[in-house]
Amino acid sequence: MADCLFCSIGAGEVPAEKVYEDDQLFAIRDINPVAPLHLLLIPRKHIATILDFEDTDSALVAGIYRLAARLAAENDLSDDGYRVVANCKSDGGQTVYHVHFHLLGGRAMAWPPG
Ligand code: 5GP
Ligand code: ZN
């Protein structure tokens, strides 16, 4: 989609530190990390928010959580754990309207979130 930051990063038109990519998904380091490990797991397909997933996206969503587990394991987070967050629209704190999941780890997370 034109004028979408994560479509542009996925296409290689905007630079980012990619740590994973396949034909469906890619993962990058967040430019403003809030935890020792802060990755963004992003479907290549342009989907604006997590409200917009369709039944045909079920495997894609499952794949995001499988990728989170794999990247967490690669970063030695399997024992202590990690958090996966998807912010949705204004009250959820979403700023980029192309679905992405934050993988946060390397420190204990607070609850409730701010
Ligand atoms: P949201 O607020 O939509 O849940 O998350 C968007 C995330 O994208 C933020 O954590 C922000 O730091 C990150 N971000 C914004 N612009 C860029 C960029 O150009 N490159 C990278 N790697 N991350 C970005
Ligand atoms: Zn997009």
Side-chain angles (χ1 to χ4, degrees):
M1 186 187 183
D3 298 328
C4 170
L5 175 63
F6 289 164
C7 282
S8 299
I9 289 175
E13 296 160 4
V14 170
E17 192 180 342
K18 283 199 178 107
V19 298
Y20 177 86
E21 60 183 325
D22 63 28
D23 58 338
Q24 300 276 320
L25 300 171
F26 62 98
I28 60 175
R29 289 193 194 282
D30 197 291
I31 204 167
N32 184 25
V34 299
L37 183 74
H38 186 171
L39 303 179
L40 301 173
L41 281 51
I42 308 172
R44 290 192 185 279
K45 178 181 173 185
H46 182 87
I47 301 169
T49 81
I50 56 171
L51 284 168
D52 300 307
F53 282 125
E54 299 174 349
D55 287 347
T56 50
D57 296 318
S58 297
L60 184 68
V61 177
I64 287 165
Y65 281 93
R66 294 294 303 135
L67 178 59
R70 172 178 163 174
L71 294 173
E74 286 178 9
N75 285 276
D76 296 322
L77 299 180
S78 298
D79 287 342
D80 290 339
Y82 56 94
R83 183 171 289 176
V84 175
V85 179
N87 299 324
C88 184
K89 291 194 161 177
S90 54
D91 274 6
Q94 184 174 7
T95 58
V96 178
Y97 278 67
H98 176 134
V99 161
H100 52 282
F101 290 70
H102 299 255
L103 170 54
L104 302 163
R107 65 170 173 81
M109 301 291 152
W111 191 264

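In this chain, numbering begins with 1 at the start of the sequence shown. Indexing begins at 1, ligand by ligand and atom by atom, following the structure's order.
Close approach of ligand 1 to Asn32 (heavy-atom distance below 4.0 Å) involves ligand atoms 12 (O). Atoms of ligand 1 lying under 4.0 Å from at least one heavy atom of Phe6, given by number and element, are 8 (O).
In terms of polar-atom proximity, Val96 is counted as a contact of ligand 1, with an N or O under 3.5 Å from an N or O of the ligand. Inclusion of Gln94 in the set of residues having an N or O under 3.5 Å from an N or O of ligand 1 is not warranted. Distances between N or O atoms of Gly93 and those of ligand 1 include at least one value under 3.5 Å. Taking distance alone, with nitrogen or oxygen atoms compared against 3.5 Å, His38 stays at or beyond that limit from ligand 1. Annotation: Ala16 places no N or O atom under 3.5 Å from an N or O atom of ligand 1; distance criterion only.
With a 6.0 Å radius and a threshold of 12 heavy atoms from other residues, nucleotides or ligands, Asp52 has its CG atom above the threshold. No more than 12 heavy atoms of other residues, nucleotides or ligands shown are found within 6.0 angstrom of CE on Met1. Within 6.0 Å of the CG atom in Asp91, the count of heavy atoms belonging to other residues, nucleotides or ligands does not exceed 12.
Of the protein's non-hydrogen atoms, the one nearest atom 22 (N) of ligand 1 is Arg29 O, 2.9 Å. Considering only non-hydrogen protein atoms, atom 16 (N) of ligand 1 sits nearest to Leu5 CD2, 3.3 Å. The single protein non-hydrogen atom nearest to atom 5 (O) of ligand 1 is His100 NE2, 2.9 Å, given as residue, atom name and distance. Nearest protein heavy-atom contact of atom 3 (O) of ligand 1 is Thr95 N, 2.7 Å. Given atom 23 (N) of ligand 1, the protein heavy atom at minimum distance is Ile31 N, 3.3 Å.
You'll find the ring centres of His98 and His100 outside the 6.0 Å limit.
Of all heavy-atom pairs spanning His38 and Pro33, the tightest one is ND1-CA, 3.5 Å. For the residue pair Tyr97 and His46, the shortest heavy atom distance occurs at O-CE1, 3.4 Å. Across all their heavy atoms, Gly93 and Asn87 have their closest contact at C-CB, 3.8 Å. In terms of heavy-atom proximity, Pro36 sits nearest to Arg107 at CD-CG, 3.9 Å.
Checking Leu104, Asp30, Ile42 against atom 12 (O) of ligand 1, the nearest heavy atom belongs to Asp30.
The part of Leu40 lying near ligand 1 is the side chain, judged by heavy-atom distances below 4.0 Å.
The OG1 atom of Thr49 sits 6.0 Å away from the CD atom of Gln94 when rounded to the nearest 0.5 Å.
Inside a sphere of radius 2.8 Å centred on the Zn ion (ligand 2), the protein N/O/S atoms present are Cys4 SG, Cys7 SG, His46 ND1, His98 ND1.
At least one heavy atom of His102 sits less than 4.0 Å from an atom of ligand 1. Distances from ligand 1 to the non-hydrogen atoms of Phe101 include no value under 4.0 Å.
Residue Leu40 belongs to a hydrophobic cluster whose other members are Leu5, Phe6, Ile9, Val14, Phe26, Ile28, Ile42, Val96, with links defined by side-chain heavy atoms closer than 4.5 Å. Clustering of Ile, Leu, Val, Met, Phe, Trp and Tyr by side-chain heavy atoms under 4.5 Å joins Leu77 with Val19, Tyr20, Leu25, Leu37, Leu39, Leu41, Ile47, Ile50, Phe53, Leu60, Val61, Ile64, Tyr65, Leu67, Leu71, Tyr82, Val84, Val99, Phe101, Leu103.
Among residues at least two apart or in separate chains, salt bridge (charged side-chain N to carboxylate O under 4.0 Å, His left out) pairs with a member in residues 29-51 are Glu17-Arg29, Glu21-Arg44, Lys45-Asp57.
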